[in-house]
There are 2 protein chains.
Amino acid sequence: MTRLKDLSLKTGFSITTISRALAGYDDVNEQTRQQIIRAAQEMGYQPNEVARQLRAQRTQTIGLIIPTHDQPFSEGFFDQLMRGIGDAAGESRFDVLVSARAAGDDEMESYKRIVGGNRVDGLILARTRHHDERIAYLRKAKMPFVVSGRAAPDEATDFPFIDVDSQAGIQHATAHLIALGHTRIGLVLPPPEIAYTEFRHRGYADALAAAGIPYDAGLVLHGDLMRSGGAACMRHFIETQAGLTAVVCSNDLMALGAMQAAQGRGYRIGHDMAIVGFDDLPISEHANPPLTTVRQPIYDIGRRLVELLLPIILGRPPQETQILLPTQLIVRESCGASSSRKGDWPSA
Amino acid sequence: MTRLKDLSLKTGFSITTISRALAGYDDVNEQTRQQIIRAAQEMGYQPNEVARQLRAQRTQTIGLIIPTHDQPFSEGFFDQLMRGIGDAAGESRFDVLVSARAAGDDEMESYKRIVGGNRVDGLILARTRHHDERIAYLRKAKMPFVVSGRAAPDEATDFPFIDVDSQAGIQHATAHLIALGHTRIGLVLPPPEIAYTEFRHRGYADALAAAGIPYDAGLVLHGDLMRSGGAACMRHFIETQAGLTAVVCSNDLMALGAMQAAQGRGYRIGHDMAIVGFDDLPISEHANPPLTTVRQPIYDIGRRLVELLLPIILGRPPQETQILLPTQLIVRESCGASSSRKGDWPSA
DNA sequence: TTGAAAGCGCTAACAA
DNA sequence: TTGTTAGCGCTTTCAA
């Protein structure tokens, strides 16, 4: 690799002059500069970024932490998040260092290597956990960071984050169903230990309250975020909630499972059963029939995370550091509540 | 951040001794070492990785280049690839620097910053292009690299790669259909300009030849890798190929589109029409009915890419540098060729 | 307008 | 067993 020293040898100017000529300082003779620039091009000079980092005590790098193995259900999420982050970071000449290790012992090790080892100027955390030890560590290390997703409503969320406004999204979806005439609407939530579960619960309750429909705990279940969970909940609804005509599911896989379970019992989705999903990935779109869905703008979350983090890194923190992005309700099937279904359910 | 100098001040030993004590050299008095280790723990010492990198002229970092915008159809692919790469790299204490910029002018800029700027020890290229300028650059810079996916069969593939053996995969799938009794089998390929298209074409032709079934060019179409393309091809097959009973699609989205188009024309998938997909993402599994699919082991590709690259970086290149991973045929629906369909197609 | 010197934090050759 | 010194490639005083 060509170094400043090589250019110095070639042109006869000192390393200092070369550095300043290439950096665009105006205390360099224009003729000298041209000569140096030409030499740099001829020799294919690229500054050694590592040396720059050491000197500047800045890395022009954003760290991205994604615990992986515990999220088999969110395939596609990272693709989009990464695109958003990569684009926004690149536009500001930042690179992205990803730590994608499975959660476990090693995870914290590579984590500390990145943070304590000065490999990044700031971090994006892709999932928070309850009382996250990583956040405590970042605080102590005074490392700037932003989080994708906030803590549960009953926990303190005293860090900068960007999240999708899932409460409003679920409320919107539920209100949509109510407007179509549905009054007995099931809700399939994520497991209770997940931070965002309660927001979705509240969105559902809000919509019912606004319409004057009483909240019925029998219409609210927790699923496992996979198809099997959605199917189990739907079967349970069918068996216990006779008047139910619509179900809101907290993610697409559960919506798909619910759909298939209902179809297995003879329901026609879009005719005598309405199902709404919540989009991590575009599965709802590919279902048959396509399902109505609440879409999360994941690419935008990625972009906005960078746009939130960079000012913090550069020492001019923005006022607004907790941002909720709107979701979008994509209606793919409008199914009213006029169920024509009567009598017993088919057994399969 | 605590530096060696701080530990030196605290313990009274020289920076050199501290460095060697922590590095585990055995020419350090054991008592001294204990004292130093304790101090390091108390002060939360983490070595500055950037300084190490500059000193060692090695970064312990793998670069991953993923052009993003031109692949809207492969959502989920990088999720899995990244997991495989992240796990394997982390196990060898390597970090991963990702360049996820959209293809374009800036792309080459951030690319050169990473490669020429000594930010990585080696690179993984996630998609090759025809006569890829990035590969030429890497060669000139003598930067170790491996590629996910090989060049088309008629282009020279003179670089280390790992690819899925799509030729064998498609052959396997086609043979499977033939074994079920199908003789008129459609093939929906990716666009001809994509490097791997021809491999899939050959796999199909191989299976026909092995079974003594004549190749019919009317049964081979190119789709756009999206649902619309699969649907268009299926409609074309239905209109022009009366005896067709099965279709092999080059990816899952097209398989899904083909399925929906066939269902729209009154076919019952798994009864009078068999469809096989090729798995970038698990859509086939979620189809209704679930489709038979050729599954790509993408996580493994990620792992193996790292396992191929690291020895090259460390100067002990393996003999085998061009690796084809087997696909897996997942049969979800066994549909024989005994179509009961007669007469006209329904118009919708 | 240019150059000499210092130093970012670390490791390693060499000396004591 | 420990310390002194040099240097990785760069930027930035400061002096000429």
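The sequence lines fix the lettering, A, B, ..., with proteins before strands; numbering per chain opens at 1.
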Can you tell if the side chain of B:Arg119 reaches within under 4.5 Å of the side chain of B:Thr59, non-hydrogen atoms only?
-> no
Atom CZ of A:Arg20 and atom C1' of C:dA4 are separated, to the nearest Å, by 11 Å
Walk me through it: do A:Leu81 and A:Leu305 pass the test side chain to side chain contact (heavy atoms under 4.5 Å, CB included)?
-> CA-CA 9 Å; A:Leu81 193 72; A:Leu305 282 166; 4.2 Å; yes
Side-chain (A:Gln46) to main-chain (B:Lys112) donor-acceptor, under 3.5 angstrom | yes
Roughly how many Å is it from CG in A:Asp26 to P in C:dT1, rounded to a whole number?
-> 9 Å
Do A:Gln80 and A:Gln296 come close enough that some side-chain heavy atom pair is under 4.5 Å?
-> no
What is the distance from CZ of B:Phe13 to C1' of D:dT4, rounded to the nearest Å?
-> 17 Å
Take the protein atom CG of B:Asp27 and the nucleotide atom P of C:dC14, then report the distance between them rounded to whole Å.
-> 15 Å
Using whole Å, report how far CG of B:Leu22 lies from C1' of C:dA12.
-> 16 Å
Length of the CD1-P vector between A:Ile36 and C:dT1, whole Å | 13 Å
OP1 or OP2 of D:dT2 sitting under 4.0 Å from any side-chain N/O of B:Thr32?
-> yes
Upstream residue (5' side of DNA chain D) when B:Asn118 and B:Val28 are each assigned their closest nucleotide | B:Val28
Output one line per pair: protein atom, nucleotide atom from nucleotides 8-11 of chain C, and distance, for all N/O pairs under 3.5 Å.
residue, atom, partner, partner atom, Å
C:dC8, O2, A:Arg55, N, 3.4
C:dG9, OP1, A:Gln57, NE2, 3.3
C:dG9, OP2, B:Arg3, NH1, 3.4
C:dG9, N2, B:Ala51, O, 3.4
C:dC10, OP1, B:Tyr45, OH, 2.7
C:dC10, OP1, B:Asn48, N, 3.3
C:dC10, OP2, B:Leu4, N, 2.7
C:dT11, OP1, B:Arg52, NE, 3.0
C:dT11, OP1, B:Arg52, NH2, 3.3
C:dT11, OP2, B:Ser19, OG, 2.9
C:dT11, O2, B:Arg55, NH1, 2.1

Pair A:Arg113 + A:Glu109: basic N to acidic O under 4.0 Å | yes
Can you check whether A:Ser14 has a side-chain N or O nearer than 4.0 Å to OP1 or OP2 of C:dG3?
-> yes
Under a 4.5 Å cut-off applied to non-hydrogen side-chain atoms, are A:Asn48 and A:Arg52 in contact?
-> no
